[in-house]
Amino acid sequence: MTNRDIAAVLREMALYYEMEGVAFKPAAYEAAADSIESSGLDAATLYEEGGRPALKKIPGVGEGISHHIEGLLKRGGFPEYRRLHKKYPIDVLTLTSIEDLGPKRAKVLYQKLKIKTLHDLERAATAGKIRTIPGFGVKTEEKFLKGIALKKSSHGRYLLGHILPIATKMEEELRRVSGVKHAVVAGSIRRRQETIGDIDILVTTSQPEKVMAVFVGFPEVAEVLEHGPTKTTVRLQNGCQADVRVIADESFGAALQYFTGSKEHNVVVRKMAIAKGLKLNEYGIWRGRKRLAAKTEEDVYKVLGLSAMPPEIRTASGEIEAAKKNRLPVLIPYGSVRGDLQTQTSWTDGEFSIAEMAAAAQALGLEYIAVTDHTRSLAMTGGLDEKKLWLQGREIDALNAKPSGFTILKGAEVNIMKDGSLDIDDEALKKLDVVGAAVHSHFKLSRAEQTARVIAAMKNPHLDVLFHPTGRIIGRREPIDLDIEAVIKAAKATGTAVEIDSYPDRSDLRDSHVRMAVELGVKLVIDTDAHATAHLKYLDLGVAIARRGWASTSDVLNTRPLAELLRWLRTPKNKRK
DNA sequence: GCCGTTTTCGGCCCGACTGTTTTCAGTCG
């Protein structure tokens, strides 16, 4: 039982208690779930080694919840969970993942219409039954259907940020199997697409059976679908499929090229081969029966007169023409971001103190972070006002006064109000090192209104970065309706940078928008939007988006050393370059 | 249910928005 499994049960408990109308317990269970999920320590190991007292060292876990976790680990459950699950035998986690459907409504839906699953909900909504329940209307019914459709449209795809760590771990472990020469993840993961269909791993080895045995034995594997010496397919616990293909070492490059895709890219490349009287397949590039190249991707592309393109840009959208002319962009390298300019702390809805976030960032090799807690009008997070921002600044000054080789910048994630004004006054903003702003309300304005609102905000002389510009949350919330080209042009005109929010389900800006920004010469910032120390490692997911958008190091402000970054930030907006 | 050099008992983030209402519950973040 992983931390994630435990957290899921605790979240379910929180929802049941909300259905019951119990006070304070929901928040306590929710807090414990968050804490366990983001804890670097494995709860099962902790319990094994130190019993319940060790579990209670996890913040938010006390007498009661530690007993429950013990029950989960030893017996797979506990009485209170069983009692509540029996009373509400519904898939409450899935149902409440639909927007505007919370525990109270889930309870009513079960009591009135016996709705237990998403499928039940869809049937009832389609049949017009939801609107018959008091307190529910036509709009609510439509909203549920929209929510279900949104969920379905992302079905079968997994977020890169969730799958990449698993795929990388498998790749590394297969590489350690004796006889293995290459083990490489190909497909959409190698291209770092924002969502992933499945995991494809290519292996060259002298001992295929051994590799396949190790593969099907991974703890993540739920079910073996195919088990052969050259191709084995499994389904993982999370539902994602994973393939291992064993290929001949002499054609590794051709296979890697073939299985990396994209499909569209490969179609164009194969057409080029045909035009030259050649044939390209996963075994090599051929003239008749003579194999001209296959060992490495570079060799294969070279036969076609192309320099090898980074996987992230193999989308058949200009990369082949650029490769032909030897004019490929030099993409920003992974690991080149020096500091994170969007982080939240326990001053608002983050889980850790400023000092803890800074220490974790420094441990990851970063040189600086900006603390950008929410501001006043985001009241539910305890958003900061001018006074609190000043107080927070004092804490930051004190931390920076200690020699550490690391710098904490003063910042904020300011709210953009409906009219485009910011919810913190200019005097206070002026004193901050980095001012970010974002839309957190009125998501449904018309395109014209929404665009005007965001552009108005960018005209503020103190706003440095537009945070997560479209506000989307993959699989959950549609982006705000924005004329993104107008916004990016306004960023250029006003000297405002735009953010790539690396947080896995945000990925905002997305690749195509980044490319537009790069082409227009707008500066980018890559941040994690970390609400916990464990989130800081997402930076490279943002670098992946930047690479998909053809960005170079010089396009991204926070690849600069601190002094250079500060020079840009302190330059009046109309003079920034 | 958790937490604590202001407390071992008494607090616990709260305002805006929406859709359903005839005064407000539920949800969001």
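Distance check on atom P: B/dG19 versus B/dC12 gives 32 Å, rounded to whole Å. To the nearest whole angstrom, the two P atoms, one in B/dA16 and one in B/dT20, are 22 Å apart. Using atom C1' as the reference point in both B/dC28 and B/dC13, the two lie 14 Å apart (nearest Å). To the nearest whole angstrom, the two P atoms, one in B/dG4 and one in B/dT8, are 13 Å apart. Here, B/dT21 and B/dC17 have their C1' atoms 14 Å apart, quoted to the whole Å. Rounded to whole Å, the P atom of B/dT7 lies 13 Å from the corresponding atom of B/dG11. Comparing B/dT23 with B/dT18, their C1' atoms are spaced 15 Å from each other, to the whole Å.
Protein atom NZ of A/K444 is 18 Å distant from nucleotide atom P of B/dT27, rounded to whole Å. The distance from atom CD1 of A/I133 to atom P of B/dT20 is 12 Å, rounded to the nearest whole Å. In this entry the distance linking CG of A/L384 with P of B/dC13 reads 15 Å, nearest Å. In this structure, the NZ atom of A/K104 is 14 Å from the C1' atom of B/dC28, given to the nearest Å. Atom NE2 of A/H531 and atom P of B/dC28 are 16 Å apart (whole Å). The CD-P distance, from A/E142 to B/dG19, rounds to 10 Å in whole Å. We find that CG of A/L95 is positioned 15 Å from C1' of B/dT27, with the value rounded to whole Å. The CD1 atom of A/I130 sits 16 Å away from the P atom of B/dG26 (whole-angstrom rounding).
Distances shown here put every side-chain N or O of A/T140 at or beyond 4.0 Å from the OP1 or OP2 atom of B/dT18.
Proximity of a side-chain donor or acceptor of A/T470 to a complementary backbone N or O of A/P479 within less than 3.5 Å is not detected. Judged purely by atom type and a 3.5 angstrom limit, A/R472 has no side-chain atom pairing as donor or acceptor with the backbone of A/R477. Remark: side-chain polar atoms of A/D120 are paired, donor with acceptor, to backbone N or O of A/K116 under 3.5 angstrom.
Of the residues listed (A/K431, A/K410, A/K402), the one engaging A/D397 in a salt bridge (Lys or Arg N to Asp or Glu O under 4.0 Å) is A/K410, and it is the only one.
Nucleic acid contact class of A/R376 (heavy atoms, under 4.0 Å, all strands): none. Residue A/V138 is classed as a sugar-phosphate contact, given heavy-atom separations below 4.0 Å to backbone atoms only. A/I98 comes within 4.0 angstrom of sugar-phosphate atoms only, judged by non-hydrogen atoms across all strands, and of no base. Nucleic acid contact class of A/H374 (heavy atoms, under 4.0 Å, all strands): none.
The listed nucleotides are B/dC28, B/dG19, B/dG1; the one nearest the side chain of A/E99 is B/dC28. Each of B/dG1, B/dG19, B/dT27 was ranked by its minimum atom distance to the side chain of A/K139; first place goes to B/dG19. Nearest nucleotide to the A/F24 side chain, out of B/dC12, B/dC28, B/dT20: B/dC12. Side chain of A/R105, nearest nucleotide from B/dC2, B/dC28, B/dG26: B/dG26. Residue A/D100 has its side chain nearest to B/dC28 when only B/dC17, B/dC28, B/dT20 are considered.
Each of A/G102 and A/S441 was matched to the nucleotide of DNA chain B holding its nearest heavy atom; the match closer to the 5' end belongs to A/S441. Checking A/A23 against A/I473, the closest nucleotide of DNA chain B that is more toward the 5' end is the one next to A/A23.
Judged as a salt bridge (charged side-chain N to carboxylate O under 4.0 Å, His left out), not a single pair has a partner in residues 353-365 of chain A (not counting sequence neighbours).
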Verify salt bridge (Lys or Arg N to Asp or Glu O under 4.0 Å) between A/R11 and A/D34, making sure each step is shown before the conclusion. CA-CA 9 Å; A/R11 290 225 164 78; A/D34 285 345; 2.6 Å; yes
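Under the Watson-Crick or G-U wobble criterion, with both distances below 3.5 Å, B/dT8 has no partner in any strand shown.
In this structure, A/K86 fails the cation-pi test against A/Y88, since its NZ or CZ atom is not both closer than 6.0 Å to the six-membered ring centre and inside 45 degrees of the ring normal.
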